[in-house]
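All remarks here apply to the structure that follows.
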Amino acid sequence: WSGLDALVNNAGVHAFASVADLPEALLKEALEVNLYGVLRLTQAALPLLRQSQGLIVNIGSTLGYRAIPNAAAYCASKGALARFSESLRDEEARHGVAVLHASPGVVRTGLRDNALRDNALCDKTAVGSQDGLPFPREADATAVEICDAMQKRRRELISAAWPVRFWAKVLVPWFGASVDSKMRL
């Protein structure tokens with residue numbers, strides 16, 4: 001390669017199991033894809049990105065701001081990715097490398113259909129598709145929003161319907177206990 005302008009870390013995997021029943025292997029696999037994969041690709045690309053003063057985009061999730069029941073492995077990996085992105089941004093600023101942490105809400109993809117699960121603990125039909133979740137968005141709309149944030153070299157983006165952005169940025173930080181009580185099944 002003679003140059004690299006951007007790295008988009010978009011690989012991700014969802015995982016479903018309660019914490020009480022979460023197999024360690026399921027958590028490890030979620031972390032392997034959602035965090036360690038990002039680490040490896042970022043480290044490999046950094047020399048070229050420093051030369052071009054390029055951009056790294058880490059695709060997180062609004063669930064990196066607040067976990068939901070039965071998705072601890074996914075939520076933990078996306079929360080870790082958010083903190084990873086912050087550290088990386090601060091470290092690479094002196095090299096001119098920008099870091100965008102993009103957190104989509106519910107996007108119509110196969111993410112839930114292809115989620116990691118312990119079949120003994122979590123029936124595929126019990127999880128459901130993204131369409132049954134609040135405020136699902138099309139992948140194209142999310143991609144356009146992320147591309148716009150890339151062009152503007154933004155630091156952070158919550159790419160979701162406004163109620164989800166409000167939930168992630170205002171309700172969870174300020175009213176966490178109330179949010180917790182509403183999330184209990």
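What you see is a predicted model, and the numbers here were worked out from it, not measured in a lab.
With rounding to the nearest 0.5 Å, the separation of CG in L49 from NE2 in H95 is 11.5 Å. Once rounded to the nearest 0.5 Å, the distance linking CG of L100 with CD1 of I146 reads 7.5 Å.
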| request: Report the C-alpha separation of V19 and N70 in whole Å, then their side-chain angles, then the decisive distance to 0.1 Å, and conclude whether the side chain to side chain contact (heavy atoms under 4.5 Å, CB included) test is met. | output: CA-CA 7 Å; V19 172; N70 301 309; over 6 Å; no
| message | Would L55 and V97 count as a side chain to side chain contact (heavy atoms under 4.5 Å, CB included) here? Give the steps. | response | CA-CA 6 Å; L55 169 68; V97 176; over 6 Å; no
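Across every non-hydrogen atom of Y74 and A15, the tightest pair is CB-N, 3.9 Å. Minimum interatomic distance between A17 and L26 (heavy atoms only, all atoms of both residues): CB-CD2, 3.9 Å. Taking all atoms of both residues into account, the shortest heavy-atom contact from C75 to L63 is CB-O, 3.6 Å. What you find for N34 and A11 is that their closest heavy atoms are OD1-O, 4.2 Å. When all heavy atoms are compared, the tightest approach of E145 to L157 is O-CD2, 3.7 Å. Residue H101 comes nearest to S85 through the heavy atom pair CD2-OG, 3.5 Å, listed as atom of the first residue, atom of the second, then distance.
Residues V13 and E29 form no side-chain contact, since every pair of their non-hydrogen atoms from C-beta on lies 4.5 Å or further apart. Taking the side chain as every heavy atom from C-beta outward, M150 and V57 approach each other to under 4.5 Å. Taking 4.5 Å as the limit, every side-chain heavy atom of L27 sits out of range of all side-chain heavy atoms of E24. Inter-residue side-chain proximity for N9 and I59 is flagged as unmet; no heavy-atom pair is nearer than 4.5 Å. By the 4.5 Å heavy-atom criterion applied to side chains, E92 and L46 are counted as neighbours. Using a 4.5 Å heavy-atom cutoff, the side chains of L81 and V38 are in contact. In this structure, the side chains of N58 and L88 come closer than 4.5 Å at one or more pairs of heavy atoms. Side-chain contact between S87 and E91: present, with at least one pair of heavy atoms (C-beta onward) separated by less than 4.5 Å.
With a 6.0 Å radius and a threshold of 12 heavy atoms from other residues, nucleotides or ligands, R94 has its CZ atom at or below the threshold.
Taking 4.0 Å as the cut-off between side-chain N and carboxylate O, R155 and E86 do not count as a salt-bridged pair. A salt bridge is defined here as a Lys NZ or Arg NE, NH1 or NH2 lying under 4.0 Å from an Asp or Glu carboxylate O, and K28 with E32 fails to meet this definition.
In terms of hydrophobic clustering, with Ile, Leu, Val, Met, Phe, Trp and Tyr side chains grouped at heavy-atom distances under 4.5 Å, L41 and L35 are assigned to a common cluster. Linking Ile, Leu, Val, Met, Phe, Trp and Tyr whenever their side-chain heavy atoms come within less than 4.5 Å leaves V8 and Y36 in two separate clusters.
Looking only at distances, no side-chain donor or acceptor of S61 sits under 3.5 Å from a matching main-chain atom of S103.
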